[in-house]
Chemist: 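Below is a structure I'd like to ask you about.
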Amino acid sequence: MPRVSKSAREELRRIYEHVAAELKSRPELYCEISGRCCRFRDAGHQLFVTRIEFREMRAHGDDPATSDAQVVCPWLKDGLCSNQTGRALACRTYFCSDEDQAAEFGERFHEQIRRLHDRHGLAYEYLSLGDHFARENE
């Protein structure tokens, strides 16, 4: 997988900072810190991330021990996220309190991440976390 430039990673972090800042003004959107969203099969969803988000997750997270990232997030440890710094946009914007508003909120920032790929000449790949791991091992 091609390297991601430092400037692209910094730009992604700025997007994440904007997410955090905007969430401060949206008290109706909050995380219950239950780890429910990290157990993908139980929650009935998959975590989809872009290429740069996956690289950021790998850069900040420990080496995951799980072999099936389609079932549970490999950074779920003792019921909580062990990769707070590197977690993807979808992790930052998944709110048990209001999933519909969360999706709308997240889409706006996802578009910024898509454009980041274009600006930095990165192929836009929006894949499940498990598929990113599989491609990494090809």
Chemist: Donor-acceptor pair, Arg36 side chain versus Ala43 backbone, under 3.5 Å?
Modeler: no
Chemist: Say whether, by atom type as modelled, one donor and one acceptor occur between the side chain of His120 and the main chain of Val4 under 3.5 angstrom.
Modeler: no
Chemist: With side chain to side chain contact (heavy atoms under 4.5 Å, CB included) as the criterion, how do Lys77 and Asp62 come out once you've worked through the C-alpha distance, each side chain's angles and the decisive distance to 0.1 Å?
Modeler: CA-CA 11 Å; Lys77 305 282 190 246; Asp62 59 352; 3.6 Å; yes
Chemist: Excluding sequence neighbours, so at least two apart, what forms side chain to side chain donor-acceptor pair (under 3.5 Å) with Asp78?
Modeler: none
Chemist: Quick one: does Asp63's side chain get under 4.5 Å of Pro74's, heavy atoms only?
Modeler: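 They are not in contact (no side-chain heavy atoms under 4.5 Å apart), so the answer is no.
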Chemist: List for me each residue that meets salt bridge (Lys or Arg N to Asp or Glu O under 4.0 Å) alongside Glu22, sequence neighbours excluded, and say none if there are none.
Modeler: Arg108
Chemist: Looking just at side-chain N and O atoms, do Ser7 and Glu10 make a donor-acceptor pair shorter than 3.5 Å?
Modeler: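 Side-chain D/A pair, Ser7 to Glu10: absent.
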Chemist: Once side chain to side chain donor-acceptor pair (under 3.5 Å) is applied, do any residues pair with Tyr126, and if so which ones, sequence neighbours excluded?
Modeler: none
Chemist: Going by an N to O cut-off under 4.0 Å, is there a salt bridge joining Glu111 and Arg114?
Modeler: yes
Chemist: If the condition is side-chain contact (heavy atoms from CB on, under 4.5 Å), which residues does Gln70 pass it with, not counting sequence neighbours?
Modeler: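 Checked Gln70 against side-chain contact (heavy atoms from CB on, under 4.5 Å); matches are Gln46, Asp68, Ser128, Asp131.
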Chemist: Less than 4.5 Å apart, any side-chain heavy atom of Ile113 and any of Leu89?
Modeler: yes
Chemist: Mark yes or no for whether Glu107, through its side chain, and Glu104, through its backbone, hold a donor-acceptor pair below 3.5 Å.
Modeler: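 Checked: no pair found.
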Chemist: Tell me, do Val71 and Phe40 make a side-chain contact under 4.5 Å, heavy atoms counted?
Modeler: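 Not touching, per the 4.5 Å side-chain cut-off.
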Chemist: So, do Thr50 and Glu125 sit near enough that their side-chain heavy atoms are less than 4.5 Å apart?
Modeler: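 With C-beta onward as the side chain, the pair stays apart.
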Chemist: Tell me whether Arg26 at atom CZ has more than 12 heavy atoms from other residues, nucleotides or ligands lying less than 6.0 Å away.
Modeler: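 Yes, CZ of Arg26 has more than 12 neighbouring heavy atoms, counting only those of other groups under 6.0 Å.
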Chemist: Are Thr85 and Met57 packed together at the side-chain level, in the sense that at least one heavy-atom pair is separated by less than 4.5 angstrom?
Modeler: no
Chemist: Name all residues meeting the salt bridge (Lys or Arg N to Asp or Glu O under 4.0 Å) criterion together with Glu56; count only those two or more places apart in sequence or in a different chain, and write none if there are none.
Modeler: Arg9, Arg13
Chemist: Between Phe105 and Val19, is there a side-chain heavy-atom distance shorter than 4.5 Å?
Modeler: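 Yes, at least one pair of side-chain atoms sits under 4.5 Å.
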Chemist: Indicate if Ile52 and Phe109 have the same hydrophobic cluster label, given that clusters are the connected sets of ILVMFWY residues with side-chain heavy-atom separations under 4.5 angstrom.
Modeler: yes
Chemist: Using 30° and 60° as the class limits, which term best fits the ring planes of Trp75 and Phe133: parallel, tilted or perpendicular?
Modeler: tilted
Chemist: Answer yes or no: is there a side-chain heavy-atom contact under 4.5 Å between His45 and Tyr94?
Modeler: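 Heavy-atom side-chain distance check passes, below 4.5 Å.
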Chemist: I want to check something: taking the side chain as every heavy atom from C-beta on, are Leu47 and Cys91 in contact at a cut-off of under 4.5 Å?
Modeler: yes
Chemist: Check Arg58 with Glu136, please: is the shortest side-chain N to carboxylate O separation under 4.0 Å?
Modeler: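 Salt bridge between Glu136 and Arg58, a charged N being under 4.0 Å from a carboxylate O: yes.
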Chemist: Ignoring hydrogens, what is the shortest heavy-atom contact between Leu122 and Ala8? Give both atom names and the distance.
Modeler: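 So the minimum-distance heavy-atom pair works out to CD1-CB, 4.5 Å.
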Chemist: Only counting residues at least two apart or in another chain, list the ones meeting ring pair (Phe, Tyr, Trp, His ring centres under 6.0 Å) with Tyr16.
Modeler: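 Once residues adjacent in sequence are excluded, Tyr16 has no partner under the ring pair (Phe, Tyr, Trp, His ring centres under 6.0 Å) criterion.
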